[in-house]
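Quick notes on the structure that follows.
Indexing begins at 1, ligand by ligand and atom by atom, following the structure's order.
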Amino acid sequence: MSPPALISSANPVPPRHIGIIMDGNGRWAAAKGLPRLEGHRRGAERLIEIIDACIDGGIGTLTVFAFSAENWKRPLEEVSGLFKLGEWILRAHLARLEKRNVRLRVIGDISALPEFVRVPLEDVIKSTQDNTAFTLVVALNYGARQEIVAAAQAIATDVAAGKLAPAAVDWSAVEARLQTAGMPDPDLIIRTSGEFRLSNFLLLQSAYAEIVFASVFWPDFDKAQLQLALAEYAKRERRFGQTREQIQTSDQA
Ligand code: IPE
Ligand code: IPE
Ligand code: MG
């Protein structure tokens, strides 16, 4: 009899870094006849639960896509509602972040955010910067293309100033200028709501990430759903360009 799939996993090492595209709040609400903002509120509650589950599960870093650089195109009422919700979560859960020794980081251009959320956010980033148990990265006004453009500009500036030779521009020079500098690449990217796309999220960092698409809307993505995504991840054989035989030999070494 063959052992259950989970035990014979191809990939027994849990992900160090998970990225989540938290999608489907609007459709969740619409399906229940509720306003979109109620979907976002329920989605925010779910995020708190998933953060706890990741900490308990020994995941080191979680990056969540909260607001894309393209989400400014939404109705003003929804955009401002999202920022108000962000400010509220920060206030309501700050003590919890501190208690669980969580470091908060952001990626994206937060200078464009309204002051009522930007200032407390900057305060929490500062006050948690030495916390070590877990890193929560919130992607806010983030877009991967915008990030690579900024990195290219930084490289061009250094080259023009004579600080960097063009031939010295390698992947580590690019990586060091991304907003994720110093973080491990995501091993697993989860997108909820049944959409099969990355929507400008961590495009370069996900070069070798395993991608799991969950069919449920984000407000329904509970701990059990996270376990399913982790079980799916455990079944994936990560080869990084090598053959299966090479991977299996190096596992035994
Ligand atoms: C994700 O849910 C949250 C944000 C993008 C801020 P959506 O608001 O995109 O929900 P759908 O995709 O419209 O259902
Ligand atoms: C991606 O979701 C952004 C976030 C989850 C914050 P979207 O709902 O904005 O993505 P598209 O527009 O459907 O691709
Ligand atoms: Mg969406």
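- Between Asp52 and Arg100 there is a salt bridge, since at least one side-chain N of the basic residue sits less than 4.0 Å from a carboxylate O of the acidic one.
- For ligand 1, the polar-atom distance check against Ala66 finds no nitrogen or oxygen pair separated by under 3.5 Å.
- A salt bridge does not link Lys73 with Glu70: none of the charged nitrogens is closer than 4.0 Å to a carboxylate oxygen.
- Within 4.0 Å of atom 12 (O) of ligand 2, not a single protein heavy atom is present.
- If you number the atoms of ligand 2 from 1 as listed, the ones under 4.0 Å from a heavy atom of Asp23 come out as 2 (O), 8 (O).
- Lys84 has no carboxylate O lying under 4.0 Å from a charged side-chain N of Glu87, or vice versa, which leaves the two without a salt bridge.
- Ranked by closest heavy atom to atom 10 (O) of ligand 2, the top entry among Glu70, Arg197, Arg191, Lys73 is Arg191.
- Every atom of ligand 2 with a heavy atom of Met22 under 4.0 Å away is listed here by number and element: 5 (C).
- Listed by number with element, the atoms of ligand 2 under 4.0 angstrom from any heavy atom of Ser199 are 10 (O), 11 (P), 14 (O).
- Closest protein heavy atom to atom 9 (O) of ligand 2: Asn71 ND2, 2.9 Å.
- Ligand 1 has at least one atom lying under 4.0 Å from a heavy atom of Gly24.
- Interface atoms of ligand 1 facing Arg27, defined by a heavy-atom separation under 4.0 Å, are 11 (P), 12 (O), 14 (O).
- Residue Trp28 places no N or O, backbone or side chain, under 3.5 Å from any N or O of ligand 1.
- One finds no salt bridge joining Lys235 and Glu210 here, because no Lys/Arg side-chain nitrogen approaches an Asp/Glu carboxylate oxygen to under 4.0 Å.
- Screening Arg236, Arg16, Arg238 for a salt bridge (Lys or Arg N to Asp or Glu O under 4.0 Å) with Asp187, the sole residue that qualifies is Arg238.
- The residues Arg36 and Glu38 are annotated as not salt-bridged, no charged nitrogen and carboxylate oxygen being separated by less than 4.0 angstrom.
- Residues Leu121 and Met22 are members of one and the same hydrophobic cluster, defined by side-chain heavy-atom contacts under 4.5 angstrom among Ile, Leu, Val, Met, Phe, Trp and Tyr.
- Under the 4.0 Å criterion applied to side-chain N and carboxylate O atoms, Asp23 and Arg191 are assigned as salt-bridge partners.
- Closest protein heavy atom to atom 6 (C) of ligand 2: Phe65 O, 3.3 Å.
- What sits closest to atom 7 (P) of ligand 2 on the protein, heavy atoms only, is Arg74 NH2, 3.8 Å.
- In Asp23, the N, O or S atom that comes nearest to the Mg ion (ligand 3) is OD1.
- For the residue pair Asn131/Thr128, the side-chain donor-acceptor check at 3.5 Å is not satisfied.
- Note on Glu195: not counted as a metal contact of the Mg ion (ligand 3), no N/O/S atom lying under 2.8 Å.
- By the criterion of side-chain heavy atoms lying less than 4.5 angstrom apart, applied directly or through intervening Ile, Leu, Val, Met, Phe, Trp or Tyr residues, Leu82 is not grouped with Trp28; the two fall into different hydrophobic clusters.
- The aromatic ring centres of Phe67 and Phe83 sit less than 6.0 Å apart.
- Neither the backbone nor the side chain of Glu195 has a heavy atom within less than 4.0 Å of ligand 1.
- Under a 4.0 angstrom heavy-atom cut-off, Arg36 registers as being in contact with ligand 1.
- Heavy-atom contacts of Phe67 reach the following atoms of ligand 2: 6 (C) (cutoff under 4.0 Å).
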